[in-house]
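For reference, the structure discussed in these notes is given below.
Numbering starts at 1 and runs along the sequence shown. When a ligand or atom number is given, it counts from 1 through the structure's own listing order.
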Amino acid sequence: MSAPAGLPPRPAAAAAFSPGGPGSSLEAAAPASGAPRCQNGGIDSSQPVHSVSQNVPFTKPGVGTSASSAVMSSVRSPAPSLSSKPLSSPSVTQSPELALQEGMQYGGYVNNQASSAPAPLSSSSDDEEEDEEDEEAALDSSSTTSSASPVLNNYDALEGGGYPETHSVTSSPVPSPSVLQASKASKPFGYGYPALQPGYQNATPPTPVQPSSTGHHPGFQQYPQQYPGVNQLSSSLGGLSLQHSQQPESLRPVNLTHDRNILPVSSVPAPVPNLNSDLRKLNCSPDSFRCTLTNIPQTQALLNKAKLPLGLLLHPFRDLTVKYLTSQLPVITSSTIVRCRSCRTYINPFVSFIDQRRWKCNLCYRVNDVPEEFMYNPLTRSYGEPHKRPEVQNSTVEFIASSDYMLRPPQPAVYLFVLDVSHNAVEAGYLTILCQSLLENLDKLPGDSRTRIGFITFDSTVQFYNLQEGLSQPQMLIVSDIDDIFLPTPDSLLVNLHESKELIKDLLNALPNMFTNTRETHSALGPALQAAFKLMSPTGGRISVFQTQLPSLGAGLLHSREDPNQRSSTKVVQHLGPATDFYKKLALDCSGQQTAVDLFLLSSQYSDLASLACMSKYSAGCIYYYPSFHHSHNPAQAEKLQKDLKRYLTRKIGFEAVMRIRCTKGLSIHTFHGNFFVRSTDLLSLANVNPDAGFAVQMSIEESLTDTSLVCFQTALLYTSSKGERRIRVHTLCLPVVSSLSDVYAGADVQAIVCLLANMAVDRSVSSSLADARDALINAVVDSLAAYMSTASNLQQSMLIAPNSLKLFPLYILALLKQKAFRTGTSTRLDDRVYAMCQMKSQPLVHLMKMIHPNLYRIDKLTDESTIHVNDRVVPQPPLQKLSAEKLTREGAFLMDCGSVFYLWIGKNCDNNFIKDVLGYPNYASVPQKMMQLPEVDTPSSERTRSFISWLRDSRPLSPVLQVIKDENPAKTDFFQHLIEDRTEAAFSYYEFLLNIQQQICK
Ligand SMILES: [Zn+2]
């Protein structure tokens, strides 16, 4: 038991949250990790040319060998540096005078981030410094500004600090499982940050709001009651309270220790913000954009009192055009993209029109002109109704951007596969699955006529494949000088998919058998990645790395750091951070060249994912992990890989992307979570963006929000589509501001809170310790419930009471503590733990919640009662069961939906009719151990079961693997570990956890 006495030492990175300019703070965080500065293009691309040490002919089974005489041309010349010319605004025509003035402001702003020194005015290039495209310019020009140094994202920054009310409490006397005892002396996270200044405060203040501007033109007062002017608000705010509307349900006190049935019958919906019906209809879908508090506290002091974290959960690029979604994505092709001249916010449904020609920004309150083109509405073909334009009618829109939003012609889709072909890899047998999947989906890879593709394989050497059109067959080129890797025939390794399709197919057909008899056990992953970086640098694109073991040769080699005896440790868990900065530096280099690295780790033994994952974390890539992968011994993993690959290869992809999150003046974003590179305080660089990526941000309240009743958040994602279009996807979320603590609790979004805390706990685990992170999670519950109970005067202090909005909070936190990421005392392999942490940081809320708290249904007695009808299909809706073995009767069958896996648990005495009708076997004993499909049996119960499961499957982009679990099945352990309400040797039951919380509150 590691109960820290007093405040734990504050790591150097905590300095990142000291007051001061955001730029300097982020800069200050960088050296804390010890990572040296890394420049874009850091890997020298102009090194001396070496000859290829081996030039082995490509051998295809059944085809004779042909001596290859591939020309070893010199390595490519350095990539031409990209233009960083200033761009002019597509939408706003400004007077030169104004432009200059604003340019100064934003020049200063940008440069404040590059260094803490005041920026010379001459550096403010022009009025559009703020634009995403200009930020790209800053990166691509590999200048020595902030973009050239690795401004770490917050994996390295400690959350917390400045906890205002540290009261020391001795550890809990609950005798057993001691691992859950939290010391309140440990700093919680989520509130009390000495906050950063919002970006615009670094510049001269924006144009003050003119009091007269609140006078609405009679004809253009679209949202008089929804968005009152500043003057009206200040008078009305005093009495603003949501008690009447929300008290009945979200504030209803729930006695947690008494009420054991807190789980709703169906999935927990996102709370609906307390807005009037017009705004509610216009608001952003919670599937894309959620806030931990749907009622925003008016001041930081009020937020501190609530003891809840304030932040956003984003799923900005999710699929909006697939079958299971009804929502539409309006795509706007107008030549004029209307944005605020001051803060560059995109016009949105929550701005106010002052008159026919002017609109007021809802983020900075600047009054802007309505451009002439915007007066015409292409939808209604009418003139003079700017408020009816699609941009003002939809909170999620996508713009086709003009060339003003480009630094270079939009890049083609470029895919490079980097494949481990060592003995270990061949033994695992993933190549067959990958090549087959690629062959099946080659025509479905997102792209256009320019799409390019290439392959690199590696063991102790690195092998390249010349696929140039016109060759009779692919040529393999081996480079064995892995200490000084270079590209043989750089021009023919990434080839046009359409022109070289036959050669590509030949290679994919041959690859699985080419290394069958290899005795190479070494893995030169680092050199292969260096080669991949060089190959991709001229264009950017996506690198997909398949690795099956610890890299053992050349740059980036790793050593085993896991002590298997420590897997069940209840104390210190070591090596959650990287062993080397090689992968991070490589990722930053890649990010600088618009290249993301995705990692597929298929390993049977420790591979140091904590180090390898950095290649994806910092390049906006994604991470897939298949422990104990074997193509035949582990059919569940093999099927999962197959399904993941299908989704991976065919899903939408955005290239050379940047994302900026803006919020109403007074709010400030200070910490980002996800896979990306933080380029400036609020700009994320995403070499690739994919529809399955989630992000989270933490916020603080810098200035009190007393002058407004609504706040807004806007995400703008600028990317290049696989068809070569430059597009901007914009989401805008609007939320009310409240002044009372009970209103803050009434609007709490418990799932968003838990997901944000999970992200913060991962950071805390790496930067401080796992024990510290666990304590902080427990304290988050203890503190918020204590704060709530202290405000509700009529509550008996002997009970543990939560507002209805937070009744699931302790349950979800307990579930988090039992996750592989955070658990202690239960044997957990280090890579498994690190992967769970990676998932917490990069999954969208909907997936993360299923991972934290799976849905359990009893399915052996499905009836036609309480069904829903979906596309002529009758779908049963069994109620959710709590995650406890007490629910699992031996007579039943239960389906557990964990997001990417469905477990179908069959009780020993399960009705034979169900086994016969649904599983297609005569009895329990005859059901095979590795059953992964439900047969199509022509019985009502089979139809109901399959209908229910396919309805669940259709609700997500990735089709989950189904695993039937019988008593003897090894996967049973996984299934039972999800029953988080039960007690284990190492952890509390839910009820014990509640008692523990209650004791801590009463102290
Ligand atoms: Zn603005």
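Proximity of the aromatic rings of F317 and Y719 is defined here by a centroid distance below 6.0 angstrom, and this criterion is met.
Ring-plane geometry between Y346 and F399 is classed as parallel, the angle between the planes falling under 30 degrees on a 0 to 90 degree scale with a further cut at 60.
Inter-residue side-chain proximity for R344 and R660 is flagged as unmet; no heavy-atom pair is nearer than 4.5 Å.
Near the Zn ion (ligand 1), less than 2.8 Å away, sit the protein N, O or S atoms C340 SG, C343 SG, C361 SG, C364 SG.
Side-chain N/O atoms of Q411 and T720 include no donor and acceptor closer than 3.5 Å.
Judged by distance alone, the side chain of S700 and the main-chain N or O of E702 form no donor-acceptor pair under 3.5 Å.
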ask   = How far apart are the C-alpha atoms of D749 and R290, what are their side-chain angles, what is the distance that settles it, and do they pass the salt bridge (Lys or Arg N to Asp or Glu O under 4.0 Å) test?
value = CA-CA 8 Å; D749 180 339; R290 268 166 92 161; 2.8 Å; yes
